Amino acid sequence: MHNKITPDIVKKMKIEKQKITALTAYDYSTAQIIDEAGIEIILVGDSAAMVVLGYPTTHEITMTEMSIFTKAVAKGTKRALVVADMPFGSYQTSIKNGTKNACKFIQYGANAVKIEGGSNYIIELTSHLTTQGIPVMSHLGFTPQFLNSIGGYKVQAKESEQAELILNQALKLEQAGAFALVLEMVSEYAAEYISEHLSIPVIGIGAGRYCDGQILVIDDVLGKYKDFTPKFAKKYINLNEMIGTAVKNYIYEVKTRAFPEKTHIFEMQEIEKEKLTYANNKES
Ligand code: KIV
């Protein structure tokens, strides 16, 4: 019934000028909900480091942790393309190591991997993976795994020189076989310029209105993660407040004996109650 979204379908959507929708997810039930809602791409983002595991940056998350999230999301997804984010340290040391870890994600149910950066090494890795049947989504602009080199959460490509540099890297990644590009926190004009000059779709996050698609972190969309909300994120509901209210109601009802009610309990037949020896002994 559901046609599985493939990298080719995503690329075709750009040609047909259909906007591509993407969100992150890290668990089974969320993946099910957003898949059934019709999202085209689900990214098991390394943002899980911050929004799920409470680490200060994405650097801390490991392959083991990302593997658990990837397996859960893959199980909950029928239609969307599941992309697993290669965490920091899982691909930097060698092509061999990067390939081994990318293969693991595919074995865990991902349909593609995402890799940050556009150096010659990343271009070579992208080419190697794609020729081995592992679709790659590239990630340029603000790349959180490069936080220490960038020196903070800074908007990228505000100057033409950097916009050209990003386009240049993106064109090489496209040539190496990447099927899409995530462009993060880039000036709108640069993002439009880059999108126009690439044949693969550009999925923007904080990259303005003219990319081929948009991606956001699910916890930002749902208003769940409250440590930090970027300017570019839109909160569609305030789950943080809603969860807080629900939990306060639960605490109140337990304290006041309003919960559980008769509908929540499991009965024991009268005959069985009579057989309880401790009760019978007490009466005699
Ligand atoms: O990890 C993540 O959630 C991401 C998105 C912000 C694109 O890389």
Side-chain angles (χ1 to χ4, degrees), residues 10 19-27 30-31 34 39-63 65-70 72-73 77 80-92 101-102 105 110 112-118 122 126 135-147 150 153-157 166 170 173 178-186 191 194-195 200-208 211-225 227-235:
V10 173
K19 288 280 186 188
I20 299 155
T21 61
L23 278 173
T24 67
Y26 319 102
D27 65 86
T30 309
I34 66 175
I39 206 85
E40 278 108 14
I41 298 174
I42 301 182
L43 172 69
V44 188
D46 64 353
S47 49
M50 296 156 91
V51 301
V52 182
L53 300 175
Y55 293 132
T57 70
T58 58
H59 287 132
E60 287 87 346
I61 200 161
T62 63
M63 261 309 286
E65 289 161 336
M66 285 298 294
S67 300
I68 294 167
F69 300 138
T70 302
V73 169
T77 307
L81 184 84
V82 175
V83 182
D85 216 353
M86 299 285 291
F88 186 71
S90 70
Y91 61 93
Q92 283 85 351
N101 286 323
F105 281 138
V113 296
K114 177 168 83 59
I115 304 174
E116 291 188 15
I122 298 296
T126 302
V136 175
M137 175 183 258
S138 300
H139 184 162
L140 295 173
F142 178 74
T143 42
Q145 292 181 17
F146 289 76
L147 187 65
I150 296 170
Y153 291 85
K154 294 180 188 158
V155 177
Q156 304 293 297
I166 293 174
L173 288 162
F179 74 91
L181 170 73
V182 167
L183 202 52
E184 182 166 352
M185 232 160 57
V186 164
I194 293 162
S195 305
I200 56 169
V202 174
I203 320 285
I205 173 161
C211 297
D212 304 300
Q214 297 290 330
I215 182 162
L216 282 175
V217 169
I218 187 76
D219 291 60
D220 291 335
V221 169
L222 302 181
K224 189 162 167 253
Y225 180 70
D227 288 5
F228 170 71
T229 308
K231 170 185 156 73
F232 56 75
K234 182 170 174 184
K235 207 187 275 189

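Note that this is a predicted model, so its numbers are computed, not measured. Whatever order the structure lists ligands and atoms in, that order sets their numbers, starting from 1. Just so you know, these numbers use all the heavy atoms, side chains as well, and skip hydrogens, waters and symmetry mates.
Close contacts of ligand 1 with Gly45, meaning ligand atoms under 4.0 Å from a residue heavy atom, involve 1 (O), 2 (C), 3 (O). Atom numbering of ligand 1 starts at 1 in the shown order; those under 4.0 Å from a heavy atom of Thr24 are 3 (O). Interface of His139 with ligand 1, defined as ligand atoms under 4.0 Å from a residue heavy atom, comprises 8 (O). Near Val217, with a cut-off below 4.0 Å to any heavy atom, the atoms of ligand 1 are 3 (O).
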Legend entry - Worked verdict on Tyr91 versus Ile122 for side-chain contact (heavy atoms from CB on, under 4.5 Å): CA-CA 9 Å; Tyr91 61 93; Ile122 298 296; 3.5 Å; yes

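In terms of protein heavy-atom proximity, atom 2 (C) of ligand 1 is closest to Ser47 OG, 3.3 Å. At the top of the distance list for atom 8 (O) of ligand 1, counting protein heavy atoms only, stands Lys114 NZ, 3.0 Å. When only non-hydrogen protein atoms are considered, atom 4 (C) of ligand 1 lies nearest to Leu43 CD2, 3.6 Å.
When atom types are taken as modelled, the side chain of Glu116 and the backbone of Gln145 share a donor-acceptor pair closer than 3.5 angstrom. Remark: the backbone N or O of Val186 is not paired with any side-chain donor or acceptor of Gln156 at under 3.5 angstrom.
Once rounded to the nearest 0.5 Å, the distance linking CD1 of Ile115 with CG of Leu173 reads 9.0 Å.
Counting heavy atoms closer than 4.0 Å to ligand 1, residue Ile205 contributes side-chain atoms (C-beta onward) but none from N, CA, C or O. Of all the heavy atoms of Asp85, the ones lying under 4.0 Å from any atom of ligand 1 belong exclusively to the side chain.
The shortest side-chain heavy-atom distance between Thr143 and Ile150 falls under the 4.5 Å cut-off.
Using cut-offs of 30° and 60° for the angle between ring planes, the Tyr26 and Phe69 rings count as perpendicular.
The two residues Ile166 and Leu140 come nearest to each other via the heavy atoms O-CD1, 3.7 Å.
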